[in-house]
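Comments concern the structure below.
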Amino acid sequence: MNLDKPLPASTTRCIVVFDQQSHAGSARDIASRLDLPCEMDSAEWDSCFRLQSGNQGWRLVSPKNSGLGILKLDFGRGRLGWRLRQTKRRHPLGRAFGLSSGRDSLEIVDATAGLGRDALTLAALNNRVVLVERHPVIAFLLKDAIKRTAPEEIRKRIMIENAESGEYLRARPFAPDGIYLDPMYPDRGKSALVKQEMRILRALVGADPDSGKLLQSALHSGARRVVVKRPANAPPLGGIIPSHFIKEPNTRYDVYVNKLS
Ligand SMILES: C[S@@+](CC[C@H](N)C(=O)[O-])C[C@H]1O[C@@H](n2cnc3c(N)ncnc32)[C@H](O)[C@@H]1O
């Protein structure tokens, strides 16, 4: 047992496990990169989030009895894979970034990458996208799933950074064309509207209480457009009124156009 080692706050209760000795080497390698403990899987770790490798890539198993289940990202199959192949420019995200057919592709920073669905939709709309995710385990799962399952024409347009986005934006030598923010929605408990994957993500990374500050950083970055995803009837993030918005049944995209850049 190696939990004497204090875990970084951002990865609390997370451990890398392996189920047979032949997987121990790769598990230890990942654990040391993520600064996490690594152990043979056993009931002793049932109360932790467990990062496990399987035949089809890495997955995150939620604590036993949490009712949360397993997080496994796949961009090639299922509804998401189908949606990525069908994405058209009239998609609300494309409209929010002012994309119309025939227009050049943009460089967009997704400053809250999470499970990568919105970022890959933006890449499927022909944009170059930098996914910035501050939680190291989520950034790792994203990298692994994109490498294994994302279609080649999407994969070649994306980059992943494990960083805090305010710092990332300040360190960039030039502003991107657009910045996208989708901070965690307020907790709606076990509502059927909250998908299981998002509940696991929230349990691991917590709420995003600093999202108003991140919007300020995005607005000061020099990007021409900042788009914030909100629940349809929520107030604008940080009380900052957008230039306009695009409303969908459950979601609103608040658009901030920077006229000075
Ligand atoms: C609601 S999720 C985003 C979901 C994502 N749009 C998708 O399509 O899967 C928010 C994510 O943003 C990350 N995040 C929040 N604030 C951040 C920041 N300042 N820098 C980097 N990542 C951040 C959180 O760790 C979380 O994974």
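Being a predicted model, the structure only gives us computed values, none of them experimental. All heavy atoms count here, side chains included; hydrogens, waters and symmetry mates do not. We count ligands from 1, going down the list as the structure has it; atoms in each ligand are counted the same way.
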Check ligand 1 against the protein and report each N/O to N/O distance under 3.5 Å, formatted as atom name, atom name, distance.
residue, atom, partner, partner atom, Å
ligand 1, 6 (N), D118, OD2, 2.9
ligand 1, 6 (N), D182, OD2, 2.7
ligand 1, 8 (O), R117, N, 3.3
ligand 1, 8 (O), D118, N, 2.9
ligand 1, 8 (O), D118, OD2, 3.3
ligand 1, 9 (O), L115, N, 3.0
ligand 1, 9 (O), G116, N, 3.3
ligand 1, 16 (N), R134, NH2, 3.2
ligand 1, 19 (N), E164, OE2, 2.7
ligand 1, 20 (N), S165, N, 2.9
ligand 1, 20 (N), S165, OG, 3.3
ligand 1, 22 (N), R134, N, 3.2
ligand 1, 25 (O), E133, OE2, 2.7
ligand 1, 27 (O), E133, OE1, 2.7
ligand 1, 27 (O), E133, OE2, 3.3

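Here R155 pairs with E152 in a salt bridge; the nearest charged N to carboxylate O distance falls below 4.0 Å. A salt bridge links D210 with R134: the distance from a Lys NZ or Arg NE/NH1/NH2 to an Asp or Glu carboxylate oxygen falls below 4.0 Å.
Within 6.0 Å of atom CZ in F245, 12 or fewer heavy atoms from other residues, nucleotides or ligands are found, so the atom counts as exposed in its surroundings.
Without hydrogens or angle criteria, N258 side chain to A223 main chain gives a donor-acceptor distance under 3.5 Å.
Applying side-chain contact (heavy atoms from CB on, under 4.5 Å) to W58 and the options L73, V137, L71, L141 leaves one that passes, L141.
Under the 6.0 Å distance and 45° angle rule, R95 does not count as a cation-pi partner of F97.
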